Amino acid sequence: MSVRTRFAPSPTGYLHIGSVRTALYAWALAKKNNGSFILRIEDTDRERYVPNSIKFIIQELNWLGLQPTEGPSKSELIQVGEDIEGLSLEWSSHGGPYIQSLRKDFYKRYAEELLQAGFAYRCECTPEMLEKERREQILAGKRPGYSGRCRYINVSPEKPYAIRLKLPQNFSVTANDEIRGKLKFENPPLSDPVLLKSDGFPTYHLAVVVDDHLMKITHVLRGEEWISTFPIHWYLYDLFGWEKPKFLHLPVILGEDGKKLSKRHGAQTTAELREEGFLPSAIINALALIGWTHSSGLEIFSVDEFLRDFSLEKVHSASGMFSPIKLKRINHEHFKLMRVDEFLALIQKNLGLSLRLSESYVNVLKERTHTLKDLSQLLCFLIFPNEYDFQALEDIDKQLIISTLELFKKTVNENLSRDELQAQISAISDSINLPKKHVFKILRVAILRRMETPPLIDTIQEFGFNWTIDQINRFLSEFR
RNA sequence: GUCCCCAUCGUCUAGCCAGGUCUAGGACAUCUCCCUUUCACGGAGAAAACAGGGGUUCGAAUCCCCUUGGGGACGCCA
């Protein structure tokens, strides 16, 4: 039987890195086994739905390279009101619909089935009543939970109602998790959960079981926040008499303070990471490493290398922290692994600069690049021509700066080698009695705009004598 | 409150399942030194952990139990 995994996000407007890690493992498992990776949209809560976020999710997965093999069709997206401008969907949509709000008939059918069989009941309690009940329970120091009021009364199907699952007395379940082994739940603090809401939408518990079954999912990978309601899902499979998939509850990813990731931890969505200048391959590398290790101990790897070695056995059960510092480091290593043409293409795409640079100069740049932002800073002399860091020169006499530059223009020419250029600068330093350090500083700011730059001599050699003189003249006209 | 999950350097982890090769290895971060015209890279080195207590055993980081600590869940959210 072929492996089928799925990624089932809610369209809430962003893609959290915790979800991305779950998606990554699910994608890898399917890909490795030549199976299918299904994108299913869990939009059963209309209040949390953010328009066009399905499109956004698709674009983000695409950017990260986690391509589904099955997912919603364009017409499904249109039906739920998503903008499909510029989207090309390269996957099969034959087992759909893949958007849960378009699958309401399925859920209704199975909920009714349980109702008929006496495993579920109609509930007429309103949200207000439930809220009041909950408040009182908490006030009385009791465990909050549905009292089961409608369980024994016959609620008329004429009025609005929800369908609740009737949990057995002394509800105890032993469920199996692939990375934790047997999970025993004895009288878990669960009360009869709603399966079908009064608006006709299913809750997660019904939808996930029905869809995973109907879509023939073989491995359910999800966050460990689902462990507590795992007994409900396990029980539903038993009631329906369906074969269970394998379940893998992945540990959560925490922020640096050991708390669940939230806004104050900085970048934690794919969009934020992209803006900070991180590469998809580095994000995948970093995320893969939280809760999994390469069998050879490799710590910097490409997506292909990850895929080749990925296995469920190496996935941990303990949660881990996300470290932006480590991501930065990994990102740097990924820059270093890039070929020259790849690197230049990246500059072209992200900075809009079409450059032809020597391999050695590209290496000089790569060494100094941790994120794309660094790159734009390094190359600011090409991007923002008139933004000079005049402050850096404040401690040097203005006339001296001008005469240094004039002297440099006179004594330097196209034919000078690296060493000769170096010697020439030393000579200038001697002749006007200015420390070499200062001469370099002046040249650096004049030619490259600021103090944090690629090596001066290399840059002059790379871009040429005429360019250099041009830069200096430009500086002088601003400076004088 | 109830139920569940987790536990090796600051962090990610190797080792654990199949106890001895562990005076616990690596990487990131930190500190020191070297390299250096800037910013970086790089090189050498240092400091840094088996949460605690009981068992089992000739022998425990590894197996069992308890405690502690951290996390999650208890919604007509997912």
Side-chain angles (χ1 to χ4, degrees), chain A residues 8-10 12 42-45 47-48 123 125-127 130-131 134 137-138 140-146 160-164 177 180-181 183-191 193-205 207-208 222-231 249 251-252 254 256 258-260 286 289-295 297-300 313 316-323 325-330 332 336 363-370 374 377-378 392 422 425-426 429 435-441 443-445 448 450-457:
Chain A
S10 292
T12 53
E42 312 218 322
D43 63 337
T44 56
D45 184 359
E47 293 187 7
R48 294 208 309 166
C123 175
C125 298
T126 61
L130 296 169
E131 184 50 41
R134 185 166 299 111
Q137 286 163 332
I138 291 171
K142 290 186 177 164
R143 180 182 78 73
Y146 181 56
Y161 64 88
I163 295 179
R164 281 185 191 269
D177 179 88
R180 288 161 221 269
L183 262 28
K184 288 177 94 168
F185 300 87
E186 305 201 31
N187 295 312
L190 298 168
S191 37
V194 168
L195 297 178
L196 206 67
K197 306 181 218 175
S198 53
D199 63 3
F201 280 84
T203 58
Y204 174 83
H205 308 304
V208 76
R222 70 206 328 188
E224 78 178 333
E225 66 268 25
W226 293 110
I227 290 182
S228 10
T229 47
F230 190 17
H249 291 94
V252 292
L254 307 167
E256 281 184 304
K259 298 272 187 286
K260 205 171 173 182
L289 243 22
I290 306 177
W292 174 86
T293 1
H294 196 279
S295 59
L298 204 63
E299 297 192 307
I300 301 297
E313 289 74 48
H316 304 170
S317 49
S319 40
M321 293 184 190
F322 170 69
S323 161
I325 292 169
K326 197 167 284 187
L327 208 214
K328 212 167 174 178
R329 182 70 195 194
I330 292 174
H332 176 235
K336 287 206 287 190
N363 287 333
V364 150
L365 290 178
K366 285 204 253 177
E367 266 169 22
R368 276 148 244 263
T369 305
H370 283 78
D374 293 344
Q377 288 298 307
L378 278 175
Q422 184 88 36
I425 291 172
S426 294
S429 162
K436 210 154 81 169
K437 202 170 175 172
H438 282 187
V439 177
F440 268 102
K441 199 176 186 180
L443 290 171
R444 188 178 304 282
V445 173
L448 304 177
R450 53 206 295 275
M451 284 306 289
E452 302 79 33
T453 71
L456 186 61
I457 306 262

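Given the structure is predicted, the values throughout are model-derived calculations rather than measurements. Order of the sequence lines fixes the chain letters, A, B, ..., with proteins taken first and strands second; residue numbering starts at 1 for each chain.
Rounded to whole Å, the separation between the C1' atoms of B:G52 and B:U68 comes to 7 Å. For the P atom pair drawn from B:U8 and B:C63, the interatomic distance equals 13 Å after rounding to whole Å. Comparing the P positions of B:G42 and B:C4 gives a spacing of 48 Å, expressed to the nearest Å. Spacing of C1' atoms, B:G15 relative to B:A24, comes out at 8 Å, to the nearest Å. A gap of 14 Å separates the C1' atoms of B:A29 and B:A46, to the nearest Å. Separating the P atom of B:C28 from that of B:C17 is a span of 29 Å, rounded to the nearest Å. Using P as the reference atom, B:C77 and B:A14 are 39 Å apart when rounded to the nearest Å. B:A7 and B:C12 are spaced 15 Å apart, taking the C1' atom of each and rounding to whole Å.
Residues A:Leu130 and A:Tyr146 have side chains in contact (heavy-atom distance under 4.5 Å, counting atoms from C-beta outward). Within the 4.5 Å cutoff, the side chain of A:Ile330 has heavy atoms near those of the A:Ile300 side chain. Counting heavy atoms from C-beta outward, A:Asp177 and A:Ile227 have side chains that stay 4.5 Å or more apart. Residues A:Arg180 and A:Pro251 are in side-chain contact: their nearest non-hydrogen atoms beyond the backbone lie under 4.5 Å apart.
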What's touching nucleotides 14-17 of chain B from the protein side, N or O pairs under 3.5 Å?
{"residue": "B:A14", "atom": "OP1", "partner": "A:Thr293", "partner atom": "OG1", "Å": "3.1"}
{"residue": "B:A14", "atom": "OP1", "partner": "A:His316", "partner atom": "NE2", "Å": "3.1"}

Can you check nucleotides 65-73 of chain B for protein contacts, nitrogen or oxygen pairs under 3.5 Å, and list what you find?
{"residue": "B:G71", "atom": "OP1", "partner": "A:Lys259", "partner atom": "NZ", "Å": "3.1"}
{"residue": "B:A73", "atom": "O4'", "partner": "A:Ser228", "partner atom": "OG", "Å": "2.8"}
{"residue": "B:A73", "atom": "O2'", "partner": "A:Ser228", "partner atom": "OG", "Å": "3.3"}

Give every pair of a protein N or O atom and an N or O atom of nucleotides 27-34 of chain B that lie under 3.5 Å apart, one pair per line with the distance.
{"residue": "B:A27", "atom": "O4'", "partner": "A:Glu299", "partner atom": "OE1", "Å": "2.8"}
{"residue": "B:A27", "atom": "O2'", "partner": "A:Glu299", "partner atom": "OE1", "Å": "2.9"}

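Residue contacts shown for A:Ser198 include a base, since a base heavy atom lies under 4.0 Å away. Here A:Lys184 lies in heavy-atom contact (under 4.0 Å) with sugar-phosphate atoms only. Among the atoms of the strands shown, only primed sugar atoms or phosphate atoms (P, OP1, OP2) are found under 4.0 Å from some heavy atom of A:His370. Using a 4.0 Å heavy-atom criterion, one finds that A:Thr369 contacts no nucleic acid atom at all. Among the atoms of the strands shown, none is found under 4.0 Å from any heavy atom of A:Gly297. Residue-level contact check: A:Lys366 touches neither bases nor backbone, having no heavy atom under 4.0 Å from any strand. Using a 4.0 Å heavy-atom cutoff across all strands shown, A:Gln377 reaches no nucleic acid atom at all. A:Gly291 comes within 4.0 angstrom of sugar-phosphate atoms only, judged by non-hydrogen atoms across all strands, and of no base. Within 4.0 Å of A:Leu130, counting heavy atoms only, lies at least one base atom of the nucleic acid. Among the protein residues, A:Ala162 comes within range of the nucleic acid bases, having at least one heavy atom under 4.0 Å from a base atom.
Looking at A:Arg368, its side chain comes within 3.5 Å of the base of B:C39 through a donor and an acceptor atom. Judged by atom type and distance alone, A:Arg444 reaches the base of B:U37 through a side-chain donor-acceptor pair under 3.5 Å.
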